[in-house]
Trainee: 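The structure is given below, and queries will be raised subsequently.
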Amino acid sequence: MSALLNINTYWYVLPLVVAISLVYAASRHESWPRIWAHAARLCAMILGILAAAIVLLLLVNTWV
Amino acid sequence: MASPVPLKNPRVAALLAWMCPGLGHIYQGRTGKGLLYMICILSLFYVGLIMGEGKNVYWRWINPLNDPENFRFSYVCQFWVGLPALPGLIQAYLKSKGLGPILWGYLAEPSANALNSIFPKLGKLVEVGSVYTIIAGLLNILAIYDAKEGPAYGDEDEPVGGQSRANASSPPPPNAPAAAPGANA
């Protein structure tokens, strides 16, 4: 448990986003190539939006 | 619209999917998807549970209108993981009847002292663990819906035997004339 405490909180987002992407994509499609492709796109999109939000908040933080 | 995949008895599949994530799909013969759901949802749930030392998933019988601060909204989401989260409800029922916990206290409501002690010790892990377990429950709702209704599909048809689903379900008549160019314009 102490090892988990030393991990930066941001890393806990990764398994969550991967699981959400896979389950959502699997609920949309039946063929595996489409599931993988959809999950990869969704995962990249969620992580991209999160990264953009972090950059935006950091920028705002520098101005305030 | 009929589902393109055999769903056997969709209600039984949905019940099985609630009981154990992925079980409904395995019952339908969609083993790969069942295992995917099972691995993703149960991993999230149990990792989250371990992060909170088993004290972040429990239920207590409280009227949310009278005491909204102590109402366990999180368990309403966690409940959808199925049997792994069900003991929380049973433990709360036993407590309301004045009986002791079963299953070695698995998912029983922790004492106030125990709850107060985990936050200084684990800090953010308790919160992250709660989020993991809540998301696991919500994801299983998607899996249950998939077991009941079949895959939703995206904006384009899934190929069925080399044809699109629309073509496969309604083959053109053998002597049908070819569509004139620009007929749909």
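Below, chain A is the first sequence line, B the second, and so on; all start at residue 1. Reckoned from all heavy atoms, side chains included, excluding hydrogens, waters and symmetry mates.
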Trainee: Given a strict heavy-atom distance threshold of 4.5 Å, which part of B:Leu139 is in contact with chain A: side chain, backbone, both, or neither?
Mentor: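 Interface part for B:Leu139: both.
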Trainee: Over 60° means perpendicular and under 30° means parallel, so classify the ring planes of B:Phe71 and B:Trp59, tilted if in between.
Mentor: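 Rings of B:Trp59 and B:Phe71: perpendicular, over 60°.
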Trainee: In plain terms, say whether B:Arg30 and A:Glu30 are close enough for a salt bridge, that is, a side-chain N and a carboxylate O under 4.0 Å apart.
Mentor: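 A salt bridge links B:Arg30 with A:Glu30.
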Trainee: At a 4.5 Å cut-off on heavy atoms, which part of B:Lys33 comes close to chain A: side chain, backbone, both, or neither?
Mentor: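 Both the backbone and the side chain of B:Lys33 come within 4.5 Å of chain A.
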Trainee: Can you see whether B:Asn113 engages B:Asn116 through a side-chain donor-acceptor pair at a distance of less than 3.5 angstrom?
Mentor: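 Checked: B:Asn113/B:Asn116 side chains show no N/O donor-acceptor pair below 3.5 Å.
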Trainee: Do B:Tyr37 and B:Asn140 have a side chain donor and acceptor closer than 3.5 Å?
Mentor: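 Checked: B:Tyr37/B:Asn140 side chains show no N/O donor-acceptor pair below 3.5 Å.
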Trainee: Under a 4.5 Å cutoff for heavy-atom pairs, which residue among B:Val128, B:Ile39, B:Val47 has the most contacts with chain A?
Mentor: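 Of B:Val128, B:Ile39, B:Val47, B:Val128 has the most heavy-atom pairs under 4.5 Å with chain A.
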